[in-house]
Engineer: 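Once you've had a glance at the structure underneath, I'll fire off some questions.
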Amino acid sequence: MKKIVIANWKMNPQSLRDAEDIFKNVKKQSLKLKKVKTVICPPYVYIERLRKLSEKNNTIFLGAQDCFHKEFGAWTGKISPKMLRNIGADFVILGHSELKNLGETQNDINIKVKLALKNKLSPVICIGEEVRDNEGKYFSVIEEQLLSILKGVGSQFSEKLIIVYEPVWSVGKGAKKIISSEELVQISIFIKKLLVDKYGIEKSKKISILYGGSVNHVNAEDLIQKGCVDGFLIGRDSLVYKNFNSILSIVENKN
Ligand code: PGA
């Protein structure tokens with residue numbers, strides 16, 4: 001199975017020209033990779049244009065950063081999964097902590113996952129605790145999130161599912177700490193075990209488990225070599241194409 005590196009550009013950059021510039025430079029690098037799928041998740045308004053620039057090759061893909069939990073209708077300002085599919089997106093990030101802060105619930109995320117799959121999008125599902133306690137309660141937080149978000153999602157979709165462990169304390173500019181590879185490996189194995197219990201060994205092998213939260217071109221090597229993950233979801237460092245490209249080659253060259 002190929003590794004996956006996903007760029008979450010959030011509400012950046014401010015012009016289509018800058019978006020094209022980053023995209024073209026990442027595309028050049030992605031074309032050299034054999035073991036990594038590159039996924040760019042720009043703001044909605046750039047997806048269609050960047051999809052055209054990708055020339056439908058099989059190394060660089062487009063994704064959205066969210067979708068709405070309804071299929072169509074009178075929902076001012078919202079974007080449906082089908083619209084995303086129709087403009088060429090293959091992936092959609094769901095359950096990001098920045099959206100949970102705005103009121104998104106686990107139930108909303110569960111519906112979005114099912115609608116994304118119905119529309120042939122791969123859901124990139126973010127889970128992760130807000131704080132780390134000393135008693136290890138965060139394991140049950142992760143378990144509860146994962147199982148409620150995957151409620152009613154059948155094993156026939158295993159190849160499309162991507163789970164991102166993204167502890168809230170490590171995301172974005174306000175990150176309190178950077179995770180160590182020793183801490184990461186415990187969680188990736190825990191998530192794998194939950195997926196095996198739910199979907200069985202063979203099906204769960206097809207589900208990618210990624211890490212996100214302050215990944216950069218300096219710490220990526222250690223996290224990919226020792227963290228037992230299939231790739232990364234990257235915010236800040238994905239906007240600096242040289243840094244993002246160096247993360248891509250680190251993942252490509254994983255032993
Ligand atoms: P960060 O963001 O890499 O800037 O911490 C990751 C994310 O929010 O997905």
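As the structure lists them, so they are numbered: ligands from 1, and atoms in each ligand from 1.
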Engineer: Using only heavy-atom distances, determine whether the side chains of Glu129 and Tyr165 contain a donor-acceptor pair under 3.5 Å.
Structural biologist: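 The answer is yes; a qualifying pair exists.
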
Engineer: May I ask you to check whether over 12 heavy atoms, not counting those of Gln225, lie within 6.0 Å of atom CD?
Structural biologist: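 Buried by this count: over 12 neighbours within 6.0 Å.
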
Engineer: Evaluate Gly213 for polar contact with ligand 1, using N/O atom pairs at a separation under 3.5 Å.
Structural biologist: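 No; every N/O pair is 3.5 Å or more apart.
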
Engineer: Minimum heavy-atom separation for Leu62 to Val39, with atom names?
Structural biologist: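 Closest pair (atom of Leu62, atom of Val39, distance): C-CG1, 4.4 Å.
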
Engineer: Which is it for Lys173 and ligand 1 at heavy atoms under 4.0 Å: side chain, backbone, both or neither?
Structural biologist: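 Neither; nothing of Lys173 gets under 4.0 Å from ligand 1.
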
Engineer: What are the atoms of ligand 1, with element, lying closer than 4.0 Å to any heavy atom of Leu233?
Structural biologist: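 Listed by number with element: 9 (O).
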
Engineer: For atom 4 (O) of ligand 1, what's the nearest protein heavy-atom neighbour? Residue, atom name and distance, please.
Structural biologist: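 The closest heavy atom on the protein side is Arg236 NE, 2.7 Å.
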
Engineer: Against heavy atoms of His96, which atoms of ligand 1 measure under 4.0 Å?
Structural biologist: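 Near His96, the atoms of ligand 1 are 7 (C), 8 (O), 9 (O).
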
Engineer: Would you mind checking if Glu252 and Lys32 are paired as a salt bridge, meaning a charged N to carboxylate O distance below 4.0 Å?
Structural biologist: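 Looking at Lys32 and Glu252, the cut-off is not met.
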
Engineer: Rounded to the nearest 0.5 Å, what's the gap from CG on Leu195 to CD1 on Ile207? Could you check?
Structural biologist: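 The distance works out to 4.5 Å.
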
Engineer: Would you mind checking which non-hydrogen protein atom is closest to atom 9 (O) of ligand 1, with the distance to 0.1 Å?
Structural biologist: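 Result for atom 9 (O) of ligand 1: Glu166 OE2, 2.8 Å.
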
Engineer: Does ligand 1 have any atom that is closer than 4.0 Å to a heavy atom of Gly212?
Structural biologist: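 Not so, Gly212 does not reach ligand 1.
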
Engineer: Quick one: look at Val171 and ligand 1, take heavy-atom pairs under 4.0 Å, and tell me if it's side chain, backbone, both or neither.
Structural biologist: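 Both the backbone and the side chain of Val171 come within reach of ligand 1.
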
Engineer: Between Asp237 (side chain only) and Ser214 (backbone N and O only), is there a donor and an acceptor less than 3.5 Å apart?
Structural biologist: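 Side chain of Asp237 to backbone of Ser214, a donor-acceptor pair under 3.5 Å: no, none is there.
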
Engineer: Aromatic rings Phe232 and Tyr211: how do their planes relate, parallel, tilted or perpendicular, breaks at 30° and 60°?
Structural biologist: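 Ring orientation of Phe232 relative to Tyr211: perpendicular.
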
Engineer: For atom 5 (O) of ligand 1, state which one of Gly172, Ala175, Ser97 supplies the nearest heavy atom.
Structural biologist: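 Going through Gly172, Ala175, Ser97 one by one, Gly172 has the nearest heavy atom to atom 5 (O) of ligand 1.
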
Engineer: In the protein, which heavy atom is nearest to atom 3 (O) of ligand 1, and how far is it?
Structural biologist: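 Result: Gly235 N, 2.9 Å.
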
